[in-house]
Amino acid sequence: MGSLRKRGSWLWVLLAISQICTLCVATPNPKTYIVHMAKAEMPSKFTHHHDWYASTLKSVVASTKLESKTEPDPTKKIIYNYGTTFHGFAAQLSEDETEQLESIPGVISVLPETIYELHTTRSPQFLGIGPEVAENIWSSALSDHDVIAGVLDTGIWPESPSFSDKGLGPVPARWKGTCEVGRGFTAKNCNRKIIGARMFYKGYEAAAGTLNETTEFKSPRDQDGHGTHTAGTVAGSAVPDANLFGYASGTARGMAPRARIAAYKVCWTGGCFSSDILAAVDRAVADGVDVLSISLGGGVSSYYRDSLSVAAFGAMEMGVFVACSAGNGGPDPVSLTNVSPWITTVGASTMDRDFPATVKLGNGMNFTGVSLYKGRDNLTPRKQYDVVYMGGNASFPDPRSLCLEGTLDPHAVAGKIVICDRGISPRVQKGQVVKDAGGVGMILANSAANGEELVADSHLLPALAVGDTAGKAIKQYSKTVTRPTATIAFEGTKVGIKPSPVVAAFSSRGPNFLTLEILKPDVIAPGVNILAAWSGNVGPSSLSTDHRRVHFNILSGTSMSCPHVGGVAALIKATHPDWSPAAIKSALMTTAYVHDNSFQPLKDASTGEPSTPYDHGAGHIHPVRAVNPGLVYDISPDDYFEFLCTQKLTPNQLKAFSKTKNRTCKHKFASPGDLNYPAISVVFQEQPASVVTQHRTVTNVGTPVSTYSVKVTPFKGATVSVEPSVLHFTKQNQRLSYKITFKAKRGQSAPEFGALTWSDGTHSVRNTVSLTWVVPL
Ligand SMILES: *[C@@H]1O[C@H](CO)[C@@H](O)[C@H](O)[C@H]1NC(C)=O
Ligand SMILES: *[C@@H]1O[C@H](CO)[C@@H](O)[C@H](O)[C@H]1NC(C)=O
Ligand SMILES: *[C@@H]1O[C@H](CO)[C@@H](O)[C@H](O)[C@H]1NC(C)=O
Ligand SMILES: *[C@@H]1O[C@H](CO)[C@@H](O)[C@H](O)[C@H]1NC(C)=O
C-alpha cells in the first residue's frame, strides 16, 4: 500500500533526524513535547489554565535563554492547549527546556511526540463481508436517538453514498462541533449525517514540515480511504447494491446507520502524531460525541505515558465510550496495543463469506485460493498457460521469487503465469510487477509465517492467493515438470463458509502485559474482508498505478473490527442513553459468544486449533443480546482511578488521572483484580498453593424482579466457590455483590480458561475466567 510505504519512510526520516541531533548539542533542534499539567494545582492568581500554561512555559524559556533577549514570544511555541480530556499543552521545546519543565510544580510529565499507525498494515485488500450482518441484526424499530460517533482517522470522503443524510432529522442541538474547510472540503460537505469534520496537523507539521498541499488535502477530505472505510462501518447509511467489482454485493450499511458521524482527521501521509491525536480526542469530547472509534495504535506501553490512554480516560470520565483496535501484531503472543481497562480493545475475526478462486495445474491437480480480481485481462477459460517460479533451490534461494520491482526479466515471464512469494513488497504491487514484465497471471504463495490465512486482493491482473501448503505443492510441480502449466478461475462470492468466525491470524494477542488481572483483548468483531465506503481519490489497491475508482472497498485489519464495536456501542447508547461506557462494554463482553457456526469452540486461523481468551477476549460480539444483557458490571471513573492506585504508579504519575477531581488513592482494591471488570483473571503468585478472592457487583438492567443463579465451569488447577450463588433482584438498577474464591491446587502451571455465568432463565451473563500462575523467582 503506497501510503503505508510513505508512512514507513517518514518514520525513517524522523529516526535519522533524531540520530543526527544527538550530535548537535550546541544548537538543539526543538521537538514537540506534550506537557501534562495537574490542573487542580493551578495557582489562584491565574483565572484561565491557558495563562498558567503560557506562564509555565515562559519561565523555562526565560531561564534557558537568558542571553537572547530577541527571542520571539515563547508562547508561540505552544501548538495546542488541551483542556477537556487532558490538561496541558503541546509545544516545541529544546531538551534543556524539557528538563527544566519537569521540575516545575504542577507539571506531571513531559512526553516526546510519538507516532501512531493505522491498524490495516497486514491487510490492505482482503475480501468482502456482510452488510447483511447489520441488516439482519437491527430491526428498523430501533430508536432513532441522536447518537454521535466520532472517528479519528484519515478524514472522510463526503460524496460517498454511505454518508447520505436522507431521512435524518436536524443536527442535534447539543452538538458543538463544526465543519472545518480547506482544499477540497467546504461547509457544504457536511450534512445531517457528517455533522462535524475537523483536522489536526500542527504536531505533524512541527515534526515533518509544512504539509505539501499539492499532494495532500489540507482539509478533512480523505485521500487515503481508511477513514472513509471506518466511518462508513460505524454509521454509514444503507446503500443498496454496494459491491467491489461485483464482489460482496448487497446492501452496505454501518452498524448504527442512523447515528451521526464526526470525522477527526489526525493521520497524514507521514503518520499520525500523538499531539494531534490528543487534540482530536480533547476536541471531540468537547464537541459532544457519545462514542469514539479509534483504529490507531502505537505509542508507549504504559497507562500514563501513552497519550491515547490518558485522553481515553478523560473521555470515559465524560461518559464517552472509546473503542480501539487491538493491533495487527498477531499471532505473536503479547502483541496488543491499547490495553487500558477503560478502553474497549477489539480483535479481529472472519465472517462466513469468502471469494474463492482456483488454480488448476497441467497435471490435473487443483487448489483453492482467494481473489478479488475483476478486469478485462481475463485468461482464456480452461487454457493452460506456462508457469514460472524464480525461486531457485534450497541452497541458492532466488530473491526474484518475491517479484520485487525491477527483478523480473520480460524474456522469462512474458505470456506466463508467475508464482510470487509473499513478503517485503505489497501484495498487489507484486501483481503490477508481473504485469509490467508481460506476465498474464500470478499465483501469490503464502510463506510459512502466513500459514493458511488467505488474503484476497483486487489485483491488477488475473491473480489469486494460496496458502503455504498449496504454494509449496505448486512450486514443487513447477520445478519438477519440463513444461509446467496452469490456469486460474474466479468463482465470485461464496457465503455460508464454515467454520466462522475464526480469529484472524494477524489479530494481536494477549495476555495483557501491563496488568495480567485485566483480560485483553476485550472482544473480537468482523475484521477480515470488510466491504465499506472508499475514497474517490485512490484505487482499491491503494497503488498509485491503480487508476480504478470505486465507491466501496474490501479491507482487513483490527482497524476494521474496531468501528464495528464503535457502531454497536452507538446503538446500545441509543437504546440506553444513561449507560456508562463501562456498562456498554460489560453488555458487549458478557453476551459475546465463543462458538463458531459449526458449533465448535472458536478457532485461531494461525493454528487451526481452538483459540483462547488471550486471542478472542470474551468472545465475538452479539449485538442483539448486548442491547438486553440482563445484568451489567458497571465501573465508575473513581473505581478506574482506584485500579490505577494498584499499579505502582508514582503520585506524580497518578496525577495524570486525578486531574481536576483532586482524587487521592483510597486503597479500595487489594488487587487490580478487584476492579469490577466483566471478566475475571486470577493470578496465582505462589506455588504450591494459594487462595485468591475477587469481588464483583452486578446491576440489574433487565427484568425488575428476577432471580439469577450462578454456574462456573470446572478447573483442573483450582477449586472455585461463589458466594452467594443466587441473586434475588426486586427492582431495576438494583446492585448486588458476590465474591468468588479460587483455591489453587498443586502442580498446575499452564494458564486455564473457563467461565462464570449468571442466568435468570432468559439472560445469560457470562464472565470469562482465566487462571494464570506466576511463580516468583
Ligand atoms: C485536594 O484534596 C486534599 C485532601 O482531600 C485537600 O487537602 C487539598 O486542598 C485539595 N486540593 C485542591 C486543589 O482542591
Ligand atoms: C509538493 O509536491 C509536488 C508534487 O510531488 C512537488 O512537485 C513539489 O515540489 C512539492 N512541494 C514542496 C514544497 O515540497
Ligand atoms: C479439482 O480436483 C478435484 C479432485 O481431483 C475434482 O473433483 C474437482 O472437480 C476439481 N475442480 C476443478 C475446478 O477442476
Ligand atoms: C541450485 O541452483 C544453483 C544456481 O542456479 C545451481 O548451480 C545448483 O546446481 C542448484 N542445485 C540443485 C541441487 O539443484
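As the structure is a computational prediction, the values presented were derived from the model and not from experiment. In each ligand, atom 1 is the first atom listed, and ligand 1 is the first ligand listed.
- Using bins of under 30°, 30° to 60° and over 60° for the plane-to-plane angle, the ring pair Phe355/Tyr247 lands in the perpendicular bin.
- Counting only non-hydrogen atoms, the option in Thr210, Leu211, Thr214, Thr215 that gets closest to atom 5 (O) of ligand 2 is Thr215.
- Atom 2 (O) of ligand 2 lies below 4.0 Å from at least one non-hydrogen atom of the protein.
- With sequence neighbours excluded, the residues forming a ring pair (Phe, Tyr, Trp, His ring centres under 6.0 Å) with His49 are Tyr53, listed by chain and number.
- No side-chain donor-acceptor contact under 3.5 Å links Asn537 and Ser535.
- Near Asn212, the atoms of ligand 2 lying under 4.0 angstrom from a non-hydrogen atom of the residue are 1 (C), 2 (O), 3 (C), 8 (C), 10 (C), 11 (N), 12 (C), 14 (O).
- For Ala463, the side chain to side chain contact (heavy atoms under 4.5 Å, CB included) partners are Met442, His459, Leu461, not counting sequence neighbours.
- There is a protein heavy atom closer than 4.0 angstrom to atom 8 (C) of ligand 2.
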